[in-house]
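First the structure, then my questions, so here it is.
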Amino acid sequence: MPELPEVETVRQGLEPFVRGALIENVAVFRASAVRLLLGGEREFEAHVRGAVLDGAVRRGKFLWMPLREHHAHAGFALSAHLGMSGQFRVHREPWHHAPEPHSHCRVRLSLETSGEQLTLDFLDQRTFGYLHAERMLPTVDGLPGGHGSELASVPASVAHIGRDALDPAWEAGEASAVWRRGTRGIKQVLLDQTRISGIGNIYADEALWHARIHPQQAASSLTRPAAGRLFHAVRSVMESALAQGGTSFDALYVNVNGESGYFARDLVAYGRAGQACGRCGAQITRESIGGRSTHWCPRCQRRR
DNA sequence: AGTAGCACCTGATTGC
DNA sequence: TGCAATCAGGTGCTAC
């Protein structure tokens with residue numbers, strides 16, 4: 001569910017609350033919502049309790065909060081993946097005055113930051129998301145590991161993913177060289193987080209519509225101009241969505257204050273099967289590709 | 001090495 | 001009304 005614009009909205013929302021915040025207490029309500037190298041929620045709790053968070057960083061759909069260099073926590077981060085339905089919610093009340101945890105609340109943290117006591121909940125209906133306490137590794141290229149930090153390091157579980165779709169130092173030519181490898185259709189390549197990180201099912205369909213490319217066109221056959229159009233379409237769609245706080249269809253995606261995003265109004269392909277294409281008027285088609293429902297205009301996105 | 005298929009979950013909606 | 005089937009923003013492991 002949450003793709004790059006939604007995760008970035010969450011990151012920006014968390015940032016002011018978690019920079020310099022001390023984790024005073026932790027409660028894990030569902031053991032499988034936390035991971036640790038050696039396992040066990042007790043160990044997770046012991047690991048993060050007493051740590052000081054140093055801001056919020058994102059690469060692709062992965063989020064993390066580095067732990068400030070300080071005795072046991074040096075070189076570690078509290079990382080998170082929202083999966084299909086994860087969310088962070090900030091309550092500006094201390095632990096004992098915060099609302100009863102929601103039935104989907106998997107982990108609750110109490111934070112102390114510049115004199116204010118906060119309660120930070122991690123909710124996740126479908127439980128594909130998780131929190132993780134893990135070691136930071138240096139990035140292979142020495143470049144900053146993620147959006148929101150200058151540090152050239154990423155959590156171990158993030159090390160395998162590709163460049164962030166909004167990485168300002170990434171250029172269309174480099175991206176298309178990465179995409180062209182292999183035999184799959186371009187949509188499946190866009191969803192492969194090792195080739196480009198941050199795109200999910202909504203924005204893949206949206207970007208392909210804007211670039212007028214058929215989702216099943218072999219990635220290896222993309223012309224240079226088509227790859228360039230796609231690269232820019234990915235960025236402009238993601239930037240527009242971010243400016244509107246992301247796409248919310250229901251309560252499963254909201255920001256840290258519980259507010260929805262408004263990009264659903266601007267979707268031109270995703271979820272519009274049977275409706276008229278906004279460019280040519282043909283009916284938008286929907287079909288399953290690689291196990292994901294895929295929407296495109298059969299007239300202006302031709303396979304070549 | 002690259003790729004397809006499936007497992008991991010809960011809950012809302014659809015159809016009989 | 002009840003119940004089963006289907007679908008949903010994602011990732012990672014396994015077996016080819």
Side-chain angles (χ1 to χ4, degrees), chain A residues 1-11 29-35 58-64 79-88 102-107 122-132 134 155-162 165 177-208 215-216 218-220 234 237-238 241-242 244-255 260-267 269-274 286-295:
Chain A
M1 98 28 35
E3 307 180 31
L4 187 154
E6 293 76 32
V7 181
E8 176 62 14
T9 300
V10 170
R11 186 196 73 77
F29 301 123
R30 187 183 176 111
S32 62
V34 296
R35 301 182 182 183
R58 180 195 60 75
R59 176 162 176 168
K61 305 172 197 170
F62 290 78
L63 261 181
W64 64 93
S79 63
H81 197 289
L82 303 180
M84 293 284 259
S85 55
Q87 49 187 262
F88 280 105
H102 188 278
S103 61
H104 297 151
C105 183
R106 309 306 184 195
V107 181
F122 177 69
L123 286 72
D124 191 14
Q125 182 205 96
R126 291 184 66 188
T127 74
F128 290 163
Y130 56 84
L131 302 186
H132 197 166
E134 57 178 336
S157 68
V158 182
H160 70 289
I161 73 168
V178 172
W179 297 345
R180 265 199 279 265
R181 254 186 305 124
T183 55
R184 290 131 99 201
I186 184 61
K187 169 154 181 181
Q188 288 177 273
V189 170
L190 291 180
L191 292 178
D192 179 347
Q193 304 297 301
T194 69
R195 310 284 191 102
I196 176 171
S197 62
I199 303 177
N201 206 36
I202 296 176
Y203 299 106
D205 286 0
E206 293 298 296
L208 288 166
Q216 288 174 299
S220 57
V234 165
V237 166
M238 296 245 175
L242 177 57
Q244 303 203 52
T247 301
S248 298
F249 297 128
D250 51 37
L252 291 193
Y253 166 68
V254 292
N255 69 13
S260 294
Y262 294 96
F263 193 70
R265 296 182 302 202
D266 292 0
L267 295 178
Y270 186 87
R272 294 181 50 91
R286 177 188 147 175
E287 204 175 300
S288 182
I289 296 177
R292 313 300 302 280
S293 79
T294 300
H295 314 72

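Hydrogens, waters and symmetry mates are skipped; everything else that's a heavy atom, side chains included, is used. A quick note: this is a predicted structure, and the numbers were derived from the prediction, not measured. Order of the sequence lines sets the chain letters (A, B, ...), proteins ahead of strands, with each chain counted from 1.
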Classify the nucleic acid contact of A:Ser32 as base, sugar-phosphate or nothing, counting any heavy atom under 4.0 Å across all strands shown.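 Nothing, no heavy atom under 4.0 Å.
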
Query raised in the report: With ring centroids as reference points, do A:Phe249 and A:Tyr270 lie under 6.0 angstrom apart?
Result: yes

Worksheet item: Just checking A:Phe249: base, sugar-phosphate only, or nothing, at a heavy-atom cut-off of under 4.0 Å?
Response: base

**Item:** Side-chain H-bond candidate by donor/acceptor type, A:Arg265 with A:Gln244, under 3.5 Å
**Value:** yes

*Interatomic distance at P, B:dG11 relative to C:dG12, whole Å*: 24 Å

| request: Select base, sugar-phosphate, or nothing to describe what A:Asp124 touches, counting heavy atoms under 4.0 Å on all strands. | output: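 It contacts nothing in the nucleic acid.
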
*With sugar-phosphate meaning primed atoms plus P, OP1 and OP2, does A:Arg184 contact a base, only sugar-phosphate, or nothing at under 4.0 Å between heavy atoms?*
sugar-phosphate

**Message:** Give me the atom names and distance for the closest heavy-atom approach of A:Gly83 to A:Pro2.
**Reply:**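 Scanning both residues, the minimum pair turns out to be O-CD, 3.0 Å.
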
| Base-paired stems that DNA chain C participates in, counting runs of 3 or more Watson-Crick or G-U pairs under 3.5 Å |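 In DNA chain C, stems of three or more pairs: B:2-8 with C:10-16, B:10-16 with C:2-8.
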
Between which nucleotides of DNA chain B, 5' to 3', does chain A make heavy-atom contacts below 4.0 Å?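 Range of nucleotides within reach of chain A: B:dG2 to B:dG11.
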
For A:Val107 and A:Phe29 the tightest heavy-atom approach is N-CD1, 4.2 Å

How about A:Ser157 and A:Glu134: do any of their side-chain heavy atoms sit closer than 4.5 Å?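 Yes, their side chains come closer than 4.5 Å.
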
- Item | Parallel, tilted or perpendicular: ring planes of A:Tyr130 versus A:His81, cut at 30 and 60 degrees |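 Parallel.
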
Taking atom C1' in both B:dA12 and C:dT11, compute the distance separating them and give it to the nearest angstrom.
-> 23 Å

| said: Would the distance check show the side chain of A:Ser197 and the main-chain N or O of A:Gly162 forming a donor-acceptor pair, the cut-off being under 3.5 Å? | reply: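 Indeed, once roles are kept as given, a pair shorter than 3.5 Å links the two residues.
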
| Do the ring planes of A:His160 and A:Phe62 sit parallel (below 30°), tilted (30 to 60°) or perpendicular (above 60°)? | perpendicular

* Asked: Looking at A:Arg30 and A:Asp124, does any basic side-chain N land under 4.0 Å from a carboxylate oxygen?
  -> no

Nearest-0.5 Å distance, CG of residue A:Asn201 to NZ of residue A:Lys187: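 Spacing of CG (A:Asn201) from NZ (A:Lys187) equals 3.5 Å.
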
Base, sugar-phosphate or nothing for A:Arg180? Non-hydrogen atoms, less than 4.0 Å.
nothing

Protein-proximity profile, nucleotides 11-16 of chain C, B/S/- by nucleotide at the 4.0 Å heavy-atom cutoff, equals SS----

Self-check item: Flag side-chain contact, heavy atom, 4.5 Å: A:Asp205 against A:Thr294
Solution: yes

Notebook entry, point to check: Over how many whole Å does the gap from A:Phe128 atom CZ to C:dC7 atom C1' extend?
Noted result: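 Going from CZ in A:Phe128 over to C1' in C:dC7 covers 12 Å.
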
